[in-house]
Amino acid sequence: MLFKSKLIPLAGAVALAFAGTVGAQELVVKIGHVAPVSGEISHLGKDNENGAKLAIEELNAKGIVIGGKKVKFELLAEDDAADPKQGTAVAQKLVDAKVNGVIGHLNSGTTVPASKIYDKAGIVQISPSATLVEYTHQGFKGAFRVVANDGQLGGTLGRYAVEVKGAKKIAVIDDKTAYGEGVAKQFIIGAKSKGAVIVDQQHTTKTATDFNAILTSIRSKKPDLIFFGGFDSVGGPMLRQMKALGVNANFMGGDGLCTTKLIELAADGLGDGKVVCAEAGGVLAAQKKVREDWDAAYKKKFGLDVQIYAPYVYDALMVMAEAMKQANSAEPAKYLPVLKKIQYKGITGDIAFDERGDIKDGALTIFTYKGGKKEVVQVVK
């Protein structure tokens with residue numbers, strides 16, 4: 001026993017609650033991870049989970065010591081199916097499991113309601129992919145993200161649509177999710193600021209497969225460009241139907257659209273240079289080789305190409321572990337102040353947080369698709 005008395009002081013009880021199972025030579029640190037590994041965007045959720053698995057494997061191989069004990073990191077992976085109700089249910093499950101921190105959720109629509117539960121429990125949460133501005137505007141001390149938010153992503157795309165793609169008449173479609181509506185809203189602000197006219201605004205759902213009525217309405221307005229706020233699982237079939245209906249506008253979307261899977265989902269509707277999208281992150285030239293090597297290691301491990309967020313999950317987990325190491329504690333209350341001030345060089349770039357928990361100087365990478373391949377256009381900040 002660590003204590004001579006059978007009575008454990010309150011402070012000690014709280015410490016043990018977050019420290020995991022404490023043995024004589026080992027400290028178990030539990031890291032929760034949440035993403036939709038079932039449903040329409042399960043390929044994105046599994047991509048995220050794979051990033052977490054790689055980080056846990058590497059951390060355990062390093063033999064990190066905290067508080068004089070060798071750390072064993074354990075991943076508690078949960079599926080929220082991109083559903084807010086399921087998201088809050090698994091958030092409570094992780095709280096009950098006394099995790100030391102959470103990486104997730106993937107979607108803004110699940111991240112935001114879950115964040116209230118983590119905040120109440122005093123658990124640190126780092127989202128690798130939730131871009132809704134409101135997430136870090138709730139005043140929660142333990143809420144962070146390692147990607148740019150919708151204000152940066154949507155606004156940049158809006159300006160890019162006008163200044164680079166030459167769009168003057170734009171139609172906007174969103175999937176009614178928190179993410180889709182949020183990025184579309186910010187896109188409209190950015191496009192209008194450069195003089196574009198929004199000729200039509202339509203809504204669909206995250207499970208829709210038939211867009212004929214929406215696209216027929218849009219076709220009559222003759223837009224130069226269509227912006228879609230949503231995910232590839234909807235954007236791909238939409239592109240196919242655009243081709244079938246003779247809608248010749250360019251197509252643009254945020255990070256939810258910007259996957260290698262879109263090539264398969266859109267098929268011959270993808271076109272050549274027709275689709276422009278952006279990821280909420282970006283690697284500048286100096287770190288390109290590091291990121292390329294990591295992507296290659298990911299493919300060797302899982303037999304799959306990186307979709308979008310796996311590297312950001314990896315970095316989010318690594319930066320959390322680094323904060324624990326520097327604080328010499330896995331207790332959220334003790335490593336949180338370190339995380340707030342941390343300077344970390346990740347595979348996705350340099351990571352530091354502002355007073356809200358947003359990443360400082362968040363980069364964006366703009367992509368297009370040519371010859372059936374996804375290629376970088378430019379990295380912007």
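Below, all heavy atoms of this structure are taken into account, side chains as well, without hydrogens, waters or symmetry copies.
- The side-chain heavy atoms of Val319 and Asp315, taken from C-beta on, include no pair separated by under 4.5 Å.
- The existence of a salt bridge linking Glu57 and Lys53 is excluded, since no basic side-chain nitrogen approaches an acidic carboxylate oxygen closer than 4.0 Å.
- Within 6.0 Å of CG in Asn248 there are 12 or fewer heavy atoms belonging to other residues, nucleotides or ligands.
- In summary, the side chains of Asp200 and Ser217 do present a donor paired with an acceptor at a separation below 3.5 Å, with no hydrogens or angles considered.
- Evaluation of the side chain to side chain contact (heavy atoms under 4.5 Å, CB included) rule for Thr209 yields no partner, not counting sequence neighbours.
- The closest side-chain heavy-atom distance from Val90 to His105 is below 4.5 Å.
- Ring centroids of Tyr179 and Phe231 are separated by less than 6.0 Å, placing the two rings close together.
- Put simply, the side chain of Asp150 never gets that close to the backbone of Gly154: no donor and acceptor are under 3.5 Å apart.
- Atom CG in Leu157 sits 12.0 Å away from atom CD in Gln152 (nearest 0.5 Å).
- A salt bridge links Arg291 to Asp295: at least one charged side-chain nitrogen sits closer than 4.0 Å to a carboxylate oxygen.
- Checking Thr260 against Asp305 by side-chain atom types alone, no donor-acceptor pair falls below 3.5 Å.
- Residues satisfying the side chain to side chain contact (heavy atoms under 4.5 Å, CB included) test with Ala323, not counting sequence neighbours, are Tyr335, Val338, Leu339, Ile342.
- Counting only N and O atoms by type, the side chains of Thr136 and Arg145 include a donor and acceptor under 3.5 Å apart.
- Side chain of Lys206 to backbone of Ala82: a donor-acceptor contact under 3.5 angstrom is found.
- A chain of hydrophobic side-chain contacts below 4.5 Å, direct or via other Ile, Leu, Val, Met, Phe, Trp or Tyr residues, connects Ile31 to Phe144.
- When side chains are defined from C-beta on, Thr259 counts as touching Leu44, because their heavy atoms get closer than 4.5 Å.
- Using a 4.5 Å heavy-atom cutoff, the side chains of Thr131 and Val147 are in contact.
- Side chains of Tyr118 and Leu94 form a contact here, defined as non-hydrogen atoms less than 4.5 Å apart.
- Between Lys72 and Glu26 no salt bridge is recorded (no basic side-chain N to carboxylate O distance below 4.0 Å).
- Between the side chain of Asn250 and the backbone N or O of Met252 there is no donor-acceptor pair closer than 3.5 Å.
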Could you go step by step and tell me if Asp255 and Tyr309 meet the side chain to side chain donor-acceptor pair (under 3.5 Å) rule? CA-CA 9 Å; Asp255 48 348; Tyr309 305 120; 3.0 Å; yes
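- Between Glu264 and Lys261, at least one side-chain N (NZ, or NE/NH1/NH2) sits under 4.0 Å from a carboxylate O, which counts as a salt bridge.
- No side-chain heavy atom of Tyr135 sits less than 4.5 Å from a side-chain heavy atom of Ser108.
- In this structure the side chain of Lys176 reaches within 4.5 angstrom of the side chain of Glu181, judged on heavy atoms.
- With no hydrogens or angles considered, a side-chain donor-acceptor pair links Gln326 and Glu322 at under 3.5 Å.
- With 3.5 Å as the limit, one finds no donor-acceptor pair spanning the side chains of Lys46 and Gln307.
- Side-chain contact between Thr207 and Glu40 is present, with heavy atoms from C-beta onward closer than 4.5 Å.
- A distance of 10.0 Å separates CD of Gln378 from CG of Leu364, quoted to the nearest 0.5 Å.
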